[in-house]
Amino acid sequence: MKIGVVGKGGVGKTTVSSLLARTYAGRGLRVVAVDTDSNPNLGFSLGLDVAATESLPVLPRRLVVGGAGDCTLDEVFSRYGTPTPAGVTVLSALRIEAAGAGCTCGGHSTVRSLLGEALETYADITIVDMEAGIEHLSRSGGTLAYADVLVIVMEPTLKAVVTAARTISLAADLGIADSVGIGNKIFDEADRVTLESLCAEYEIPLVAALPRDGAIVDADRLGRPVTMASASALAVELERLCDVLDNRHLATRAGAR
């Protein structure tokens with residue numbers, strides 16, 4: 001399954017991507033996480049230190065993956081795949097090294113090419129941590145055109161939910177089979193009720209609400225690996241979210257036959 005994680009800036013996409021990756025890896029699955037942020041930080045959340053994260057090899061811009069391209073999947077993973085302490089292989093797709101370096105369209109094209117290949121050889125689950133906003137869905141061909149499901153991360157605010165609604169519309173135009181919304185940083189029942197009400201108003205399928213976890217906040221603040229207690233409310237909700245995504249993916253595949 002190929003999962004694209006998107007949402008408004010600041011909602012916690014990278015944290016959610018790393019937690020999803022860790023949860024699936026904890027089930028014994030092969031997980032690949034692709035960082036498409038031009039200021040990449042996913043490596044931190046998966047347990048790499050500053051030096052290792054800064055030295056991640058970046059996928060070449062406009063790399064075409066596959067038999068008709070300039071690089072095979074074997075070459076991609078041997079040259080650019082980096083194992084992490086979380087048991088997840090991370091690929092870095094973008095990095096801005098200097099001012100005036102130009103747009104990142106080539107890097108997004110590379111991600112689209114990678115997702116179009118048969119990744120099952122290397123991954124049971126591929127998670128793509130996207131840059132903030134919805135511009136990546138408007139690029140020619142769409143960066144996430146080959147994603148099986150779009151996970152749209154939202155805080156319990158109107159701005160985040162409206163952005164999610166716009167994202168779902170663009171994803172449908174790209175032909176992405178499934179889009180779901182998940183809440184993040186849910187502090188209390190009032191937050192949950194607010195999010196549920198807004199999602200109902202804007203017709204967003206809300207499938208999970210991740211509670212605010214102090215350990216995660218501290219990890220993000222200090223740049224430490226994002227982990228959680230196995231019995232925590234957050235861990236329980238993440239396990240349930242993975243079950244929901246698995247079931248929706250199976251249903252979509254069955255319907256396509």
Measuring from atom [atom1] of [X] to atom [atom2] of [Y], what distance do you get when rounded to the nearest 0.5 angstrom?
X      : Y      : atom1 : atom2 : answer
Ser179 : Leu150 : OG    : CG    : 4.5 Å
Lys13  : Leu20  : NZ    : CG    : 13.5 Å
Leu210 : Glu155 : CG    : CD    : 12.0 Å
Ile152 : Arg166 : CD1   : CZ    : 12.5 Å
Asn41  : Asp35  : CG    : CG    : 7.0 Å
Leu59  : Thr36  : CG    : OG1   : 11.0 Å

Considering all heavy atoms, the nearest [X]-[Y] contact:
X      : Y      : result
Val32  : Phe77  : CG2-CE2, 3.6 Å
Arg192 : Ala209 : NH1-CB, 3.5 Å
Leu241 : Ala208 : CD1-CB, 3.9 Å
Pro85  : Gly47  : CG-O, 3.4 Å
Cys242 : Tyr24  : O-OH, 3.2 Å
Gly81  : Thr89  : CA-CG2, 3.9 Å

Are the side chain of [X] and the backbone N or O of [Y] linked by a donor-acceptor pair below 3.5 Å?
X      : Y      : result
Ser55  : Ala52  : yes
Ser197 : Val193 : no
Ser78  : Glu75  : yes

Are Val153 and Phe44 linked, directly or through other ILVMFWY residues, by side chains that come within less than 4.5 angstrom of each other?
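In one cluster with Val153: Phe44, no.
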Sequence-distant partners of Phe187, side-chain contact (heavy atoms from CB on, under 4.5 Å), two or more places apart:
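Counting only residues at least two positions away or on another chain, Phe187 forms a side-chain contact (heavy atoms from CB on, under 4.5 Å) with Asp191, Arg212.
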In the structure I gave you, are the side-chain heavy atoms of [X] and [Y] within less than 4.5 Å of one another anywhere?
X      : Y      : answer
Glu196 : Leu206 : yes
Ile186 : Pro156 : yes
Val90  : Leu48  : yes
Lys2   : Ile127 : no
Val244 : Arg240 : yes
Met1   : Thr126 : no
Leu245 : Val180 : yes
Val151 : Val6   : no

side-chain contact (heavy atoms from CB on, under 4.5 Å) evaluation trace for Leu158 with Leu198
CA-CA 7 Å; Leu158 177 62; Leu198 287 170; 3.9 Å; yes
Verify side-chain contact (heavy atoms from CB on, under 4.5 Å) between Ile182 and Val207, making sure each step is shown before the conclusion.
CA-CA 6 Å; Ile182 68 168; Val207 299; 3.8 Å; yes
Looking only at side-chain N and O atoms, does Asp129 offer a donor or acceptor that is under 3.5 Å from a partner on Thr14?
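Thr14 vs Asp129: donor-acceptor pair found between side chains.
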Under a 4.0 Å threshold between the charged nitrogen and the carboxylate oxygen, would [Y] count as salt-bridged to [X]?
X      : Y      : result
Asp213 : Lys185 : no
Asp178 : Arg248 : yes
Arg27  : Glu239 : yes

Are Thr15 and Ile216 close enough, and set up right, to give a side-chain contact (heavy atoms from CB on, under 4.5 Å), and what steps lead you there?
CA-CA 8 Å; Thr15 298; Ile216 302 298; 3.5 Å; yes
For Glu203, I'd like to know if atom CD has over 12 heavy atoms of other residues, nucleotides or ligands within 6.0 Å.
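No, CD of Glu203 has 12 or fewer neighbouring heavy atoms, counting only those of other groups under 6.0 Å.
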Evaluate the side-chain contact (heavy atoms from CB on, under 4.5 Å) criterion for residues Met154 and Cys199: first the C-alpha distance (whole Å), next the side-chain angles of each, then the deciding distance (0.1 Å), finally the verdict.
CA-CA 10 Å; Met154 301 170 290; Cys199 285; 3.6 Å; yes
